[in-house]
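Reckoned from all heavy atoms, side chains included, excluding hydrogens, waters and symmetry mates. Per chain, numbering begins at 1; letters A, B, ... match sequence-line order.
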There are 2 protein chains.
Amino acid sequence: MSIKDRKERDKLDRRKLIIESATKLFLEQGYEKTSIRNIADDIEYSPATIYLYFKEKDEIFYVIHEQGFDLLNKEFINHNQITDPFERLAELGKIYLNFALTNPDYYDLMFIMRAPLSEIKCHSKWEAGENSFQYLLNTVTECLDKKLIVDGDPLIVSMSIWSYVHGLISLFIRERLQSVNIEGEQNPNLLAQSLDYFLKTLKV
Amino acid sequence: MSIKDRKERDKLDRRKLIIESATKLFLEQGYEKTSIRNIADDIEYSPATIYLYFKEKDEIFYVIHEQGFDLLNKEFINHNQITDPFERLAELGKIYLNFALTNPDYYDLMFIMRAPLSEIKCHSKWEAGENSFQYLLNTVTECLDKKLIVDGDPLIVSMSIWSYVHGLISLFIRERLQSVNIEGEQNPNLLAQSLDYFLKTLKV
DNA sequence: GCATTTACTGAACAGTGTTTATTATATTTG
DNA sequence: CAAATATAATAAACACTGTTCAGTAAATGC
């Protein structure tokens with residue numbers, strides 16, 4: 001059964017080839033401008049071939065969005081050995097903010113665009129998102145237990161913190177912060193300052 | 001010069017016709033599915049005619065996005081005679097949240113989508129957005145003066161509050177709150193609870 | 001060696017935003 | 001009033017898009 005095995009490997013390899021090309025093109029020129037024909041050209045296959053490996057365009061971008069979560073979770077794991085839960089919470093926020101500013105296209109796909117989630121809608125759950133949320137929920141729960149932040153339901157508090165940072169980032173990424181742009185002040189700096197203010201209000 | 005006047009009026013009427021049709025279709029089926037040909041069909045003109053009145057599709061949606069701001073600002077004016085600045089701030093948040101949940105498509109266009117802002121990018125400012133932000137900034141400044149909320153720079157504080165509510169709403173609208181969905185709990189309720197928690201942390 | 005499965009593709013379908021050459025009408029001028 | 005001009009609208013085309021499907025060529029199983 002070696003031939004069958006090889007064939008399966010080859011199939012996975014070509015699937016990987018499509019994903020890698022799509023990722024490259026996506027990070028270079030964004031979602032809209034990355035067409036099936038673009039990807040097909042890049043990997044030197046016909047557009048129809050891609051549909052032998054993916055049901056639709058959004059399925060490719062679902063995989064890419066998962067890669068984004070892998071990157072984010074890796075950051076969470078790498079830079080988070082802090083024992084004090086509040087400090088860890090602050091660090092979590094900084095990591096999240098930094099990830100978004102460093103990988104705006106990934107962030108867009110993961111948290112703003114409708115594309116990657118269009119298929120999961122009914123039949124499944126948003127696993128990638130739920131996993132990352134756990135990091136936050138755990139730290140928040142610990143903060144609440146040790147009474148380091150304003151009391152509330154762990155889920156509500158976690159959602160609040162996530163919403164806050166996401167709000168900052170998404171307004172920035174989708175260019176709505178122009179109205180708040182003081183002369184000479186860099187936007188990323190404003191974001192960091194805002195996060196500091198928020199943490200100040202949160203602290204008990 | 002009466003003929004010229006009438007012609008000008010007619011021209012504005014047709015422009016209005018396009019906008020009204022586009023708005024109707026947009027609220028019925030969203031941005032992507034509202035095509036120039038759709039609008040042309042609806043008003044019984046050829047697609048090319050629309051380009052005599054608008055430079056590009058996004059220019060139409062820029063106008064619609066401005067209409068959204070008119071609606072929001074009207075809400076701000078109507079329901080906001082509260083004298084206590086902190087209560088007024090809380091009310092402002094509720095109005096904003098309510099507007100978003102009642103008009104999710106308008107909200108998307110105003111604060112999430114790239115489309116309407118694509119043309120302003122270089123040559124102009126985002127007037128509509130700046131005007132609405134002023135309502136918030138004024139109330140926040142008053143709250144800070146009367147030391148009702150945690151101290152900070154008025155601009156940073158305003159940006160923080162806006163970001164927070166926008167974060168809640170945009171995660172909800174773009175369906176990222178599934179991971180936080182407790183059994184039976186309605187999402188809009190969670191949003192309101194989160195806003196309450198945030199206001200609690202803000203209060204001094 | 002032949003039948004069958006597998007992998008791939010060209011071409012087409014139904015759409016999209018946008019441009020341009022052309023036509024029909026209305027207005028102005030001689 | 002007739003000719004010249006200005007205005008308004010459009011049919012058709014361009015260059016794209018995601019997606020499907022019939023047909024082909026090669027590899028595999030018997």
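Protein atom CG of B:Asp10 is 11 Å distant from nucleotide atom C1' of D:dA8, rounded to whole Å. Rounded to an integer number of Å, the gap from A:Ile39 CD1 to D:dG18 C1' is 11 Å. Taking atom CZ on B:Phe54 and atom P on C:dT18, their separation rounds to 13 Å, with Å as the unit. Separating the CG atom of B:Asp41 from the P atom of D:dA11 is a distance of 11 Å, rounded to the nearest angstrom. A:Leu52 has its CG atom 18 Å from the P atom of D:dA25, to the nearest Å. The distance from atom CD1 of B:Ile50 to atom P of D:dA8 is 16 Å, rounded to the nearest whole Å.
Every residue meeting the side chain to side chain contact (heavy atoms under 4.5 Å, CB included) condition with B:Leu71, not counting sequence neighbours, appears here in chain and number order: B:Phe99, B:Tyr106. Qualifying side chain to side chain donor-acceptor pair (under 3.5 Å) partners for A:Gln67, counting only residues two or more places apart in sequence or in other chains: A:Thr23. Judged as a salt bridge (Lys or Arg N to Asp or Glu O under 4.0 Å), and not counting sequence neighbours, A:Arg176 has no contacts. For B:Tyr197, there are no side chain to side chain donor-acceptor pair (under 3.5 Å) partners, not counting sequence neighbours. Not counting sequence neighbours, the partners of B:Tyr164 by the side chain to side chain donor-acceptor pair (under 3.5 Å) test are A:Ser160. Every residue two or more places apart in sequence or in another chain that forms a ring-ring contact (aromatic ring centres under 6.0 Å, His included) with A:Phe69 is listed here: A:His65, A:Phe111, A:Trp126.
Here the options are B:Arg14, B:Glu59, B:Lys16, B:Arg15, the test is side chain to side chain donor-acceptor pair (under 3.5 Å), and the partner is B:Tyr53; only B:Arg14 passes.
Contact record, B:Pro47 with B:Ile36: O-CG2, 3.9 Å, taken as the closest heavy-atom pair. Closest approach of A:Ser21 to A:Ile43, counting heavy atoms only: CB-CG2, 3.4 Å.
Near-neighbour residues of DNA chain C inside residues 27-34 of chain B, defined by a heavy atom below 4.0 Å, number-ordered: B:Thr34. Contacts with DNA chain D (heavy atom under 4.0 Å) in residues 16-24 of chain A: none are found.
Taking a cutoff of 4.0 Å between a charged side-chain nitrogen and a carboxylate oxygen, B:Asp108 and B:Arg174 qualify as a salt bridge.
Dashed line: the shortest gap from a side-chain N or O of A:Tyr53 to OP1 or OP2 of C:dA7 is not under 4.0 Å. OP1 or OP2 of C:dT16 sits under 4.0 Å from a side-chain N or O of B:Ser35. The phosphate of D:dA9 (OP1 or OP2) has no side-chain N or O of B:Thr49 nearer than 4.0 angstrom.
Listed by first and then second residue, the salt bridge (charged side-chain N to carboxylate O under 4.0 Å, His left out) pairs involving residues 90-106 of chain A amount to none (not counting sequence neighbours). The list of side chain to side chain donor-acceptor pair (under 3.5 Å) pairs with a residue in residues 24-33 of chain A, not counting sequence neighbours, reads A:Lys24-A:Asp42, A:Tyr31-A:Asp58.
Terminal axes of the helix from C:dG1-D:dC30 to C:dG30-D:dC1 (five pairs each, C1' rotation axis) are separated by 20°, to the nearest 10°.
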inquiry  = Protein within reach of the bases, or only the backbone? For nucleotides 19-24 of chain D, mark each nucleotide 5' to 3' as B, S or -, using heavy atoms under 4.0 Å.
reply    = BBB---

query = Does the pair B:Ser132 and B:Leu72 meet the rule for a side-chain contact (heavy atoms from CB on, under 4.5 Å), with working shown?
reply = CA-CA 8 Å; B:Ser132 284; B:Leu72 177 61; 4.1 Å; yes

ask   = Can A:Tyr96 and A:Tyr107 be said to form a side chain to side chain donor-acceptor pair (under 3.5 Å), step by step?
value = CA-CA 10 Å; A:Tyr96 189 87; A:Tyr107 190 88; 2.8 Å; yes

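Comparing D:dT17, C:dT9, D:dT10 by their nearest atom to the side chain of B:Tyr45 picks out D:dT10.
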